[in-house]
Visitor: 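Quick one: the structure is below, questions incoming.
Lettering of chains follows the sequences in order, A, B, ..., and the numbering in each one begins at 1. From a predicted model like this one, the values you see are computed outputs, not experimental measurements.
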There are 2 protein chains.
Amino acid sequence: MTPRGPASAAGAQVGADPGARAAPRRQERGRRRAESILDAAEAAIDEIGYDGVTTNLIATRAGISPGSLYQYFANKQAIAEALATRYLRYLDRHGGSGDVAVASGAHGAAGRARGEILPAGLATRPTAEIIDWVVDPVIELNVAHPAAKALLAGSNVSPELAHATRALHAAICDPVDALIAAIAPQRAADACHLAANVSFQIFTGVLPGIVAAAPTERPAVIRELKAALCGYWETLRPAAGQPAAE
Amino acid sequence: MTPRGPASAAGAQVGADPGARAAPRRQERGRRRAESILDAAEAAIDEIGYDGVTTNLIATRAGISPGSLYQYFANKQAIAEALATRYLRYLDRHGGSGDVAVASGAHGAAGRARGEILPAGLATRPTAEIIDWVVDPVIELNVAHPAAKALLAGSNVSPELAHATRALHAAICDPVDALIAAIAPQRAADACHLAANVSFQIFTGVLPGIVAAAPTERPAVIRELKAALCGYWETLRPAAGQPAAE
DNA sequence: ACAGAATACGAGCGATTGCTCGCATTAGTC
DNA sequence: GACTAATGCGAGCAATCGCTCGTATTCTGT
């Protein structure tokens, strides 16, 4: 209301509530602010999409002013990058794909980590089991954080956003690439890359439907996705008796 | 250059070139203008995406002024709708899916046209052949008109755009639904709908990769997509000797 | 030749965007 | 209590958006 003097009403009571927090620790509080900004951005992106989301809206949702937001994130893209690394950590903590090629940093991860870091013997398991191992953690991530799919659907987004999420892409694609190379040893490396990319695109294509589905119907959608991937990967395996000629 | 007087240079020669066009017919020229606007919009959407595209940019690309654009299209969404119906006509002219449920108008098409309008005996052909019949025309459309995929990727777009492209979605999904119902008679209608939607999402997921691929590598990507769909649809068919219990 | 409709223009409107700036408040340290 | 740095504010800027408006030009019909 008053042009400048935001603490005229609320600020007068600050400090009168010391029992709420034992040791607020200023930088600790700042880190919490950044997290709450990411939470607000996550919810907003999930509802409106990255392009449609406004920094002012994120700030309002987080209960802060636009100026405060820019004390924690240099610009809108930085928020997306922070979300991407947050999801990367999520995949790192949980099992499945993501804990393979994440490792150190963003770039350079594509090309290393081909097979040896995968769980021993995973490639010899039934195809359905391999797919569970790859797919389940990423679905879990997207159900818990529905905005993740906005960062994973790399196509039809601005190039800056694509750059911000390259590491996230690689963390999912690289293990898939390695797995395909393991179960389809007759395929050339290029063909394995192609199959991994197509598999990833199939996954991200169905993802929004999975996240949007009602919890009771979600398993059915996931089952369809896995059936498709399973049917696809089965065709990648070398033919039993005769090598494929055509 | 001059604020008002656009014909100062070019307009002086109008009428001095009667040999170029026999009967220009004013309304004919207007229709051509509208088509050229759609052409410009198509190219722009392909490069920047629907949300990123500006009406002023479309006008500039079409070589007209912003005001002229709004004599042919009421607003930005109307351009998308006109593009969608243009693609609908494309699918209608060419074979394959699209010439089934298009018929009269937008709404109401979902639910009718279940099976009987499909080519006789198509469902009894090999799965790969069925998929060719469904997939090839739509890929052809998207290769010829790369902006179509922006209208097909229904998710992560604004609701207005989704509404403008519902008919296009239905024209592709409905025949798929009917085909799945034909090759998987043991599945309930709901399950067929689900499989059709998942198949559609798989298709639109891989589509950008197909369109973006170099022409020499495009067949390989298409082959992977078809392998995935084929492997998926094979699992939909009733088991040979025993009905599926689990 | 002339009226009226269709076509065309482009400056600029109102709204919105990502982001800045100057300043107020608070926490931590002495 | 005084000083500093971290944190916080919110009005508002510069740019951009979709779109309008008043006006100029061209075509068609008569």
Visitor: Students often get this wrong, so: under 4.0 angstrom with heavy atoms, is T54(A) touching a base, only sugar-phosphate, or nothing?
Guide: sugar-phosphate
Visitor: May I ask you to evaluate whether S68(A) reaches the phosphate of dC9(D), defined as a side-chain N or O under 4.0 Å from OP1 or OP2?
Guide: yes
Visitor: OH of Y70(A) versus P of dA11(D): gap in Å, rounded?
Guide: 17 Å
Visitor: Which part of the nucleic acid does F73(B) contact within heavy-atom distance under 4.0 Å: base, sugar-phosphate only, or nothing?
Guide: nothing
Visitor: Ignoring backbone atoms, establish whether R33(B) has a side-chain N or O less than 4.0 Å from OP1 or OP2 of dA8(C).
Guide: yes
Visitor: Regarding K226(B) and D136(B), does a basic nitrogen lie under 4.0 Å from an acidic carboxylate oxygen?
Guide: yes
Visitor: Relative to the ring of Y90(B), is the ring of H145(B) parallel (under 30°), tilted (30 to 60°) or perpendicular (over 60°)?
Guide: perpendicular
Visitor: To the side chain of T55(A), which of dC9(D), dC19(C), dG10(C) is closest?
Guide: dC19(C)
Visitor: Flag the pair T54(A) / K76(A) as yes when at least one side-chain heavy-atom distance between them is below 4.5 Å, and no otherwise.
Guide: no
Visitor: Roughly, in whole Å, what's the span from CD1 in I79(A) to C1' in dG18(C)?
Guide: 10 Å
Visitor: Is there a donor-acceptor contact under 3.5 Å from the side chain of R218(A) to the main chain of V211(A)?
Guide: yes
Visitor: Within this structure, what is the CG-to-P distance between L69(B) and dG10(C), rounded to whole angstrom?
Guide: 14 Å
Visitor: In whole angstrom, what separates R32(B)'s CZ from dT7(C)'s P?
Guide: 12 Å
Visitor: Could a donor-acceptor pair under 3.5 angstrom be found where the side chain of N56(B) meets the base of dC17(D)?
Guide: no
Visitor: Taking only N and O in the side chain of Y72(B), is any of them less than 4.0 Å away from OP1 or OP2 of dA6(C)?
Guide: no
Visitor: Just the rounded figure in Å: distance from P of dA6(D) to CZ of R31(A).
Guide: 13 Å
Visitor: Let's test your reading of the model: under 3.5 Å, does the base of dA8(C) pair with the side chain of Q71(B) as donor and acceptor?
Guide: yes
Visitor: Starting at CD1 of I58(A) and ending at P of dG18(C), how long is that distance when rounded to a whole Å?
Guide: 8 Å
Visitor: Name the nucleic acid region contacted by I64(B), choosing base, sugar-phosphate or nothing; use a 4.0 angstrom heavy-atom cut-off, strictly under.
Guide: sugar-phosphate
Visitor: Whole Å only: how far is the CD atom of Q77(A) from the C1' atom of dT17(C)?
Guide: 16 Å
Visitor: Figure out the CZ/C1' separation between R29(B) and dA5(C), and round it to whole Å.
Guide: 14 Å
Visitor: What are the two closest non-hydrogen atoms of W133(B) and P137(B), and how far apart are they?
Guide: O-CD, 3.3 Å
